[in-house]
Amino acid sequence: MSATQIERRGPVAVVRLVNPPVNGLGSAVRSGLEAAFNQLLPDDSVAGIVITGDGRMFSAGADIREFGRTPPPGVPNLPELIDWLEESSKPVVAAIHGVAAGGGLELALGCHYRIVAPKTRLGLPEVTLGILPGAGGTQRLPRVAGVEAALELIVSGRLVSEREALKLGIVDQVAEGDVVAAAVAKAAELAATGTPPRRSSERDEGLAAARADPGLFDRFRRSMAKRARGMNAPYACVRCIEAAVRLPFAEGRHFEHQEFRKLVGAVEAQAMRHAFFAEREVAKIPDLPDSTPTRPIAAAGVIGCGTMGGGIAMVFANAGIPVTVVESDAGALDAGLEKIRANYQATVDKGRLAQDAMDERMALIAGATGFDAVADADIVVEAVFEEMPVKKQVFGILDRTCRPGAILATNTSTLDVDEIAAATGRPESVIGTHFFSPANVMRLLEVVRGAKSSPETVATAMALSKTLGKIGVLVGVCDGFVGNRMLHQYLREAAFLVEEGALPQDVDRVIYDFGFPMGPFAMSDLAGNDIGWRIRKAKMAERPAGTGSGDERYSGTISDRLCERGRFGQKTGAGWYRYEDGRTPLPDPEVESLIVETSKALGIGRRPVSDREILERCLYPLVNEGARILDEGIALRSSDIDMVWIHGYGFPRYRGGPMFWADTVGLDAIAAAMRGFQAVHGDWMAPAPLLEKLVAEGKGFEDF
Ligand code: 3HC
Ligand code: NAI
């Protein structure tokens, strides 16, 4: 089938883009559009042209898979094609439904008139792929919608509703009925009245305000500094919009093209494309064909309404799924429900949620103190204390109470899912759903497949993660699963670096500058240093301290001393840092002297630690552990590990996740550094066998 189809409706020709599933503007579509216009423009019986998309949407833009490939000879590039279509002396009307994103919206902006169906989303999300709208979008959108709106939309990459698009002037009309019929009528009317084509490139009204306000761009750059940290694309977007104001259209378009070319091949764009495809790949499970049945989830239960249970209940309510939380007594239940209410209220107070939406969500959450209340639930997520006997007891009760076929999920972060499943007579229905804190905010969900979890249980949990708006990553059972197992390596080395000579603020600065939202010590203060302290105390009681492995040496000495002084972190106003306003970490001389004393007591001579060492000591062991996880089959793909770190731990998306980043560094360099660390520090730093193997074969994680 051809990638474009022409259909006549009286004097108007409708050109339909046909490239499922998203009508990406790949070379076949571009050639088809060119051929269609070459046929229709000289045809005197054609008075006007409508462009529309077949299937679910108008168009999701350029075909991202074609980036970095040379198009076949003779195929026009998208910006030139759009410029040429816009030149048409016959009226060209876009009939938009579903989505018009990136090049799709740029194509529509090259049309003379835009009519849109209800429930359509429009925008220029290129920046989320590390590039900029390179088919005239940075030049046409400000002319049509004004510079301020264009800056906000292009730099955020946000898609807007058809209503907002109408208000901003991006589209001209929202069709009540059939959008193609409305566009055909408009094209016929424009032709009959002899209205000259209204070309976006020739419009000027949107630029006037910015011309009168020379400080606008610098102000905008200052306002975006935090969210654009470390990236090039958002700044290139601003430069192009600035060029739209400063230069005639053709020169501005040329400028945009140059900037686009600089970005598209760079690591930032490669990393963000990797993340885009990884987010979709993660849902595909090789041994679970699409035909695997899934169970409908119409009602949920959550056991335990503490930090995690409360958040998980909100996740269900946010997705419109009624949920019942069960607590051990009325007092704990009231406290848990009150916390949920306060959480929603804070969002309402910030203007990010409407009061009636909050009321609807609260109405979906019921509370109970007996397990019978979840007897009919389709899934029950357990989030009680992290103690095996408690978990086993809860699963025993769930097994007796819940209806056959219900999924029994555990939110455990460290315990063995198989052992928990064994407490039931239906281990095939048991699975881990490891949410990240705060559960209603963090997008990551590790779906932990037990040895006996049935395909149906796994497929249902994976489908549910999408319904809940989460990135579900399927992982296997092991200590810490994927995320926390790798995190352990990173935190251990961060602690060692401080014992050896660095200060917490040095480590945190290097990690922040790398692109994480915060470094390991600020993170520990936020999470509470006492959690690790209590775990270590419990472990020490079980096992005498020894020497040899890194984990044994990792006694968390300094962290323990901080906790002994009541420095649990932000919640006590002091931890690795002191907090005057409750949240801004300030270096503390008291901590520095404690660190120096501790190094001395441990017999470690403090030395200067370079920024490079900090970065490599924190991140290479993390990557190394990722290699072990891959080798053991705990994660299915290296890109799944990248998803865990981008969506669960704030690894900078523009670096693609730890495994993608490792490939860009070079696995040989990482293996060599690990060997060096091993010689100095101990065998726990030995390169993983898979890392060595890939180096020997000259491959990267991408090839695994
Ligand atoms: N190019 C190539 N493939 C694309 C694509 C694109 N622009 N957009 C989506 N796809 C693929 C997806 O990878 C997925 O493939 P799979 O089934 O093999 O996994 C399939 O199409 C369906 O996509 P989704 O699962 O994402 O479908 P949804 O219905 O959930 O979402 C969407 C639809 C909102 C359009 C979403 O796909 C999306 O955001 N797409 C990307 C939009 C975008 O960033 N456009 C800008 C492209 S760059 C550009 O236009 C450059 C220009 O300025 C020069
Ligand atoms: P929490 O202590 O805040 O909440 C646990 C709740 O369970 C308490 O409100 C308690 O009253 C209730 N509870 C205990 N036994 C119960 C029973 N038999 N029946 C009903 N309710 C009972 O603990 P938190 O932090 O919410 O952790 C819960 C689980 O989530 C643990 O397994 C933990 O490892 C895991 N987890 C915690 C994360 C975190 O950051 N806090 C992150 C990811 C997982």
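Just so you know, these numbers come straight off a predicted model, no measurement behind them. Note that ligands are numbered from 1 as they come in the structure, with each ligand's atoms numbered from 1 the same way.
Contacts between Phe67 and ligand 1, counted as non-hydrogen atom pairs separated by less than 4.0 Å, involve the side chain only. With a heavy-atom cut-off of 4.0 Å, Ile303 touches ligand 2 through its side chain alone. The proximity of Gln393 to ligand 2, defined as any non-hydrogen pair under 4.0 Å, does not occur for either the backbone or the side chain. Heavy atoms of Val394 found under 4.0 angstrom from ligand 2 belong exclusively to the side chain. Under 4.0 Å from ligand 1, heavy atoms of Ala62 appear from its side chain as well as its backbone. Residue contacts with ligand 2 for Phe435 involve N, CA, C or O but no side-chain atom from C-beta outward (heavy atoms, distance under 4.0 Å).
Closest protein heavy atom to atom 45 (N) of ligand 1: Ala60 O, 2.8 Å. Ranking the protein heavy atoms by distance from atom 20 (C) of ligand 1 puts Pro21 CG, 3.6 Å first.
Under a 4.0 Å N-O distance rule, the pair Asp83/Arg253 qualifies as a salt bridge.
Of the protein's heavy atoms, at least one falls inside 4.0 Å of atom 40 (N) of ligand 1. Not a single protein heavy atom sits closer than 4.0 Å to atom 32 (C) of ligand 1. Checking atom 23 (O) of ligand 2 against the protein gives no heavy-atom contact under 4.0 Å.
Note on ring orientation: taking the six-membered ring where Trp is involved, the planes of His434 and Phe436 are tilted (angle from 30° to 60°).
Annotation: cation-pi pair Arg65/Phe67 absent, no NZ/CZ under 6.0 Å from the ring centroid and within 45° of its normal.
Where the criterion is an N or O separation shorter than 3.5 Å, residue side chain and backbone included, Gly103 meets it with respect to ligand 1.
Ligand 1 does not have Glu281 within reach: every non-hydrogen atom of the residue lies 4.0 Å or more from it.
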